[in-house]
Protein chains: 2
Amino acid sequence: MPRTVDVDARRDRLVAAVCEVAVRDGLDAVTARSVAAAAGLSLGAVTRTFASQEQLHAAAMRAVAERVAARSAAVPRIGDPVRCALALLDQVMPFAEETRAEAQVYYAYVARARAVPALAAIADEVDAALLASCAEVVALVAPGARPAAVVELHALTEGIAFGLVTWPHRRDAAEQRQVLADWLVRACG
Amino acid sequence: MPRTVDVDARRDRLVAAVCEVAVRDGLDAVTARSVAAAAGLSLGAVTRTFASQEQLHAAAMRAVAERVAARSAAVPRIGDPVRCALALLDQVMPFAEETRAEAQVYYAYVARARAVPALAAIADEVDAALLASCAEVVALVAPGARPAAVVELHALTEGIAFGLVTWPHRRDAAEQRQVLADWLVRACG
């Protein structure tokens with residue numbers, strides 16, 4: 001079905017362009033025109049693929065979430081539990097360039113979600129997925145830990161991620177990652 | 001100096017009105033007109049007090065920060081360290097209605113700070129003050145703790161505060177406060 005492949009490929013290219021513009025210039029700069037330019041496609045290609053700006057944004061937010069989920073699923077669940085847990089969290093947390101760009105887009109959408117119901121629904125799904133990741137991490141490093149440990153790790157990861165995205169000049173990614181690693185080691189004990 | 005008192009009182013009233021409108025309708029709804037209406041003052045009173053929308057916002061953000069700082073300063077530093085630390089954090093964290101409104105305004109400003117240098121400078125000051133509060137709390141409950149404990153508490157409080165403001169339907173304030181209290185007790189041990 002070459003037609004479907006073409007449509008899917010165009011969609012992927014446009015979603016990547018949304019993320020590119022959002023990270024570079026902020027969400028307000030994401031328009032059909034700027035996305036078409038970033039994708040190297042026509043304005044018509046954008047408007048044929050997405051019926052509205054809201055659909056474009058929802059697709060981009062979902063794409064970021066799916067990319068993170070796919071990488072997390074691919075992490076081998078074997079070997080040292082703390083190392084394994086940290087490898088999982090490295091897929092989500094903005095410690096590297098790629099994850100930092102994803103988290104920037106995510107928090108920009110979360111800030112906008114209040115006014116856009118379609119985004120709020122996806123933001124809720126992503127938050128639920130992050131909570132599930134924290135539950136998996138706690139089960140790995142401290143099977144049988146108090147349930148509040150999951151709530152604490154969820155808050156800690158949120159604080160670290162939001163802090164790195166919001167205060168890049170006031171936070172050090174390596175230091176924040178070490179705080180998380182230390183938490184995992186203490187949870188083991 | 002009755003003139004100064006009048007000017008200060010009007011300023012306070014307008015700043016309170018900014019916060020009221022921002023919490024109720026979001027920052028985008030904060031205009032000279034909506035603030036004048038909420039304060040029960042004339043449009044001229046707003047434009048005479050603040051030369052620009054940016055000045056109005058900067059004054060409101062600073063007012064929120066000063067109110068939190070004044071309450072924190074008034075907390076007695078005596079008695080059980082964990083109870084004292086929690087009393088301090090209760091002035092900052094959005095566990096109650098008043099602090100929740102303050103945190104809503106704060107995070108709305110933080111989201112906007114990227115585009116408004118005057119707000120970014122105040123946001124940096126507030127973040128530095130929050131870090132100092134965390135340092136004081138750690139010094140109270142665990143004098144001589146590893147320095148990373150302050151970084152961890154800073155991230156944990158950020159995650160809890162941002163979570164409560166952003167996901168009020170997905171977070172429980174009492175549960176989040178208990179997570180913080182448990183952290184303080186463990187830090188003591």
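In what follows, every chain begins at residue 1, and chains take the letters A, B, ... in the order their sequences are listed. On a predicted model such as this, the values are computed, not experimentally measured, just so you know.
In this structure, chain B has no heavy atom under 4.5 Å from any part of Gln178(A). Interface residue Ala128(B): backbone and side-chain heavy atoms are both found under 4.5 Å from chain A. For a residue to count as touching a neighbouring chain, one of its non-hydrogen atoms must lie under 4.5 Å from one of that chain's; by this rule Ala115(B) does not touch chain A.
More than 12 heavy-atom neighbours from other residues, nucleotides or ligands sit within 6.0 angstrom of CZ on Arg77(A).
By number of non-hydrogen pairs under 4.5 angstrom with chain A, the leading residue of Gln176(B), Arg171(B), His154(B), Arg146(B) is Arg171(B). Between chain B and the options Leu180(A), Asp28(A), Asp127(A), the largest number of non-hydrogen pairs under 4.5 Å is found for Asp127(A). Ranked by heavy-atom pairs under 4.5 Å with chain A, the list Ala123(B), Ala161(B), Ala148(B) is led by Ala123(B).
Following chains of ILVMFWY side-chain contacts shorter than 4.5 Å, one cannot reach Leu14(A) starting from Val7(A), and the two form parts of different hydrophobic clusters. Linking ILVMFWY residues whenever their side-chain heavy atoms come closer than 4.5 Å, directly or via other members, places Val30(B) and Val110(B) in the same cluster. Under the 4.5 Å side-chain contact rule for hydrophobic residues, Val138(B) and Leu88(B) share a cluster. Following chains of ILVMFWY side-chain contacts shorter than 4.5 Å, one cannot reach Leu130(B) starting from Leu164(A), and the two form parts of different hydrophobic clusters. Connection of Met93(A) to Met61(A) is not established within any shared hydrophobic cluster, with ILVMFWY side chains joined at heavy-atom distances below 4.5 Å, either directly or through further cluster members.
Counting heavy atoms from C-beta outward, Asp124(B) and His169(A) have side chains that approach closer than 4.5 Å.
In this structure, the separation between CG on Leu131(A) and CH2 on Trp167(B) is 11.0 Å, given to the nearest 0.5 Å. In this structure, the separation between CD on Glu158(B) and CD on Glu158(A) is 9.5 Å, given to the nearest 0.5 Å.
Aromatic ring orientation, Phe162(A) versus Phe162(B): parallel (interplanar angle below 30°, classes split at 30° and 60°).
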